[in-house]
There are 2 protein chains.
Amino acid sequence: MKETFGEYIKLLRTKNGLTLTKLAAQLDLDAANLSKIENGKRDFDEKRLSKLAAIFELSAQELQDEYVSDRLAKHIYEMDCSSELLKVAEEKAAYRRTLKK
Amino acid sequence: MKETFGEYIKLLRTKNGLTLTKLAAQLDLDAANLSKIENGKRDFDEKRLSKLAAIFELSAQELQDEYVSDRLAKHIYEMDCSSELLKVAEEKAAYRRTLKK
DNA sequence: ATTTGACTTGTCAATCTTTGACAAAGATAT
DNA sequence: ATATCTTTGTCAAAGATTGACAAGTCAAAT
């Protein structure tokens, strides 16, 4: 079962023996705010994904996917949405794609 | 294939022979803003769902589902998210539910 | 027991986003 | 034409998010 994006960052950080302060500096962030991100109290800003990928030498695409699925998961969780509703939503998203053409 | 929530409102409105101005008044809204909602340029605010249900005598639960699935669809659409990623997101949402206990 | 370093939490102003309101301009019908 | 309905643009107000800093806890070392 997959972790949250915050937990994912924390794992990366600790596996690489970095402190909050050090990683935060590389991400151009306050250590306090990075802590909140790791603990799910704030969101990681998309504009820092490229820095994160560079620091840990990750595939930009995989990281992006990790990020996007986490954001979506957050929405699904917050909306308290059943699996059936999710299916409907997926169809409606497909419909929206047909509109924008 | 399902319509957007804005289109859904427009359908309800026209089927019942209401003008934007009349429906907007009942929803405590400006007609101009209701127009934007129907045309997908603004979001319908959740706090007005109960009024909408009352006006058209709809099941509150069904309307809520219509609304939630639309919002999620919008997110899915905006994130340009594949069906596989969506599955991952669903799992991650399940994981989040395990955390909050 | 004090210091040090790592992390967490609270707060608040600055910034970004969304909303409500109104004016003005297109449509459409009479 | 006029009248009514709808759409679009703009902008300040309200709301949400972020960055920054202070103050806190905790554990390990000395």
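Residue numbering restarts at 1 for every chain, and letters A, B, ... go by the order of the sequence lines.
A:F5 and B:V88 sit in two unconnected hydrophobic clusters of ILVMFWY residues. Membership requires side-chain heavy atoms under 4.5 Å apart, directly or through other members.
A salt bridge does not link B:E3 with A:K92: none of the charged nitrogens is closer than 4.0 Å to a carboxylate oxygen. Under 4.0 Å is where a charged nitrogen must lie from a carboxylate oxygen, and between B:R96 and A:E78 no such pair does. Checked for salt-bridge contact, A:R71 and A:D43 meet the test: a charged N lies under 4.0 Å from a carboxylate O.
Listed pair A:N33 / D:dA20 fails the phosphate criterion, with no side-chain N or O lying under 4.0 Å from OP1 or OP2. Applying the 4.0 Å criterion to OP1 and OP2 of D:dT6, one finds that B:S35 has every side-chain N and O outside that range.
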Please list, for nucleotides 12-14 of chain D, all pairs of protein and nucleotide N/O atoms separated by less than 3.5 Å.
none

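Across all strands, A:K10 comes closer than 4.0 Å only to sugar-phosphate atoms, never to a base (heavy-atom distances). Within 4.0 Å of A:K36, counting heavy atoms only, lies at least one base atom of the nucleic acid.
Relative to the side chain of A:R42, the nucleotides D:dG9, D:dA20, C:dT8 differ in distance, and D:dA20 lies closest. Among the nucleotides C:dC7, D:dT7, D:dA22, the one closest to the side chain of A:A32 is D:dA22.
Shown for residues 43-52 of chain B: no residue has heavy atoms falling under 4.0 angstrom of DNA chain D.
Between A:E90 and B:Y77, the side chains place no donor N or O within less than 3.5 Å of an acceptor N or O (distance only, hydrogens not considered). In summary, the side chains of B:Y95 and A:E7 do present a donor paired with an acceptor at a separation below 3.5 Å, with no hydrogens or angles considered.
Looking at B:N16, its side chain never comes within 3.5 Å of a backbone N or O of B:L18 through a donor-acceptor pair.
Heavy-atom nearest nucleotides on DNA chain C were determined for B:L29 and for A:L20, and the one closer to the 5' end corresponds to A:L20.
For the side-chain contact (heavy atoms from CB on, under 4.5 Å) with A:L27, the lone residue among A:I37, A:N33, A:L52 that qualifies is A:L52.
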